[in-house]
Amino acid sequence: GSGLDVRSKSRTLSTPVYDPRKLPKWNYDGSSTGQAPGEDSEVILCPRALFRDPFRRGKNILVICDAYSPNGEPIPTNKRAEAEKIFTQKKVVEEEPWYGLEQEYTLLQKDVRWPLGFPVGGYPGPQGPYYCGVGTEKAYGRDIVNAHY
């Protein structure tokens with residue numbers, strides 16, 4: 001997605017919390033974010049998961065929330081509500097999911113600050129031969145990639 005429907009709020013709690021079900025619901029003005037009409041703009045945040053905050057560190061946490069209208073309906077940008085309906089179906093629960101990470105980065109030539117394998121000041125042809133490519137003419141920097149595997 002564009003990330004435009006991702007928002008953040010900060011809140012201070014009096015005691016540490018380790019279970020999202022123990023966190024209070026919260027709200028925000030959805031008309032300010034384009035997620036609710038001005039005449040009925042309250043959006044309810046329902047905590048779903050929490051994680052240690054890698055930025056603030058210490059006892060700080062990040063909380064992932066679903067967003068609902070006051071009548072309990074998921075707002076249109078709340079895609080997890082529909083996903084939960086799918087992923088809690090018996091036939092889906094019985095499946096064994098596969099997950100993979102796609103690590104992408106660009107290696108630059110040290111002296112010219114141009115991507116490794118690109119002609120200096122120019123561009124290679126279409127990605128067809130390079131995408132998931134093999135061989136010295138297609139996969140530049142493979143030794144570095146393999147070291148990260």
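Just so it is clear, the values below take in all heavy atoms, side chains as well, and ignore hydrogens, waters and symmetry mates.
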*Identify whether L62 and L45 are in the same connected component of the hydrophobic contact network (ILVMFWY, side-chain heavy atoms under 4.5 Å).*
no
*Check whether any side-chain heavy atom of S10 lies under 4.5 Å from a side-chain heavy atom of R56, and answer yes or no.*
yes
*Residues N60, F55; criterion side chain to side chain contact (heavy atoms under 4.5 Å, CB included); working and verdict*: CA-CA 9 Å; N60 295 295; F55 307 106; over 6 Å; no
*With a cut-off of 6.0 Å (strictly less than), are more than 12 heavy atoms of other residues, nucleotides or ligands near CZ of R57?*
no
*Any idea which heavy atoms bring P20 and R48 closest together, and the distance?*
CG-O, 3.5 Å
*At what distance, to the nearest 0.5 angstrom, does OG1 of T88 lie from NZ of K90?*
13.0 Å
*asked:* How long is the straight-line distance from CD of Q89 back to CD of E84, given to the nearest 0.5 Å?
replied: 11.5 Å
*asked:* To the closest 0.5 Å, what do you measure between CG (N71) and CD (E42)?
replied: 11.0 Å
*Is V120 reachable from Y123 through a run of I, L, V, M, F, W or Y residues, each pair having side-chain heavy atoms under 4.5 Å apart?*
yes
*In Å and rounded to the nearest 0.5 Å, what is the CG to CG distance from L23 to L50?*
6.0 Å
*asked:* Could you report the tightest heavy-atom contact between Y68 and C46, atom names first, then the distance?
replied: CD1-SG, 3.6 Å
*asked:* Between E94 and K91, is the salt bridge (charged side-chain N to carboxylate O under 4.0 Å, His left out) condition met? List the steps.
replied: CA-CA 5 Å; E94 292 171 350; K91 67 180 183 177; over 6 Å; no
*Check whether more than 12 heavy atoms from other residues, nucleotides or ligands sit under 6.0 Å from atom NZ of K9, and answer yes or no.*
yes
*asked:* To check you understand the geometry: which heavy-atom pair defines the closest contact between K25 and R11, and what is its length?
replied: O-NH1, 3.7 Å
*Do side-chain atoms of W26 reach the backbone of P47 as a donor and acceptor pair under 3.5 angstrom?*
no
*Between CG of N27 and CD1 of I44, what distance do you get to the nearest 0.5 Å?*
5.0 Å
*Are V17 and V63 connected in a single hydrophobic cluster, I mean Ile/Leu/Val/Met/Phe/Trp/Tyr linked by side-chain heavy atoms less than 4.5 Å apart?*
yes
*Which atom names give the shortest non-hydrogen contact between Q109 and L116, and what distance separates them?*
CG-CA, 3.8 Å
*Closest approach of G30 and V43, non-hydrogen atoms and distance?*
CA-CG2, 3.7 Å
_Atom pair NZ (K22) and CG (L13), whose distance is rounded to the nearest 0.5 Å_ = 14.0 Å
*Does any non-hydrogen side-chain atom of L108 lie less than 4.5 Å from one of P115?*
yes
*Taking the side chain from N78 and the backbone from A67, do they hold a donor-acceptor pair closer than 3.5 Å?*
yes
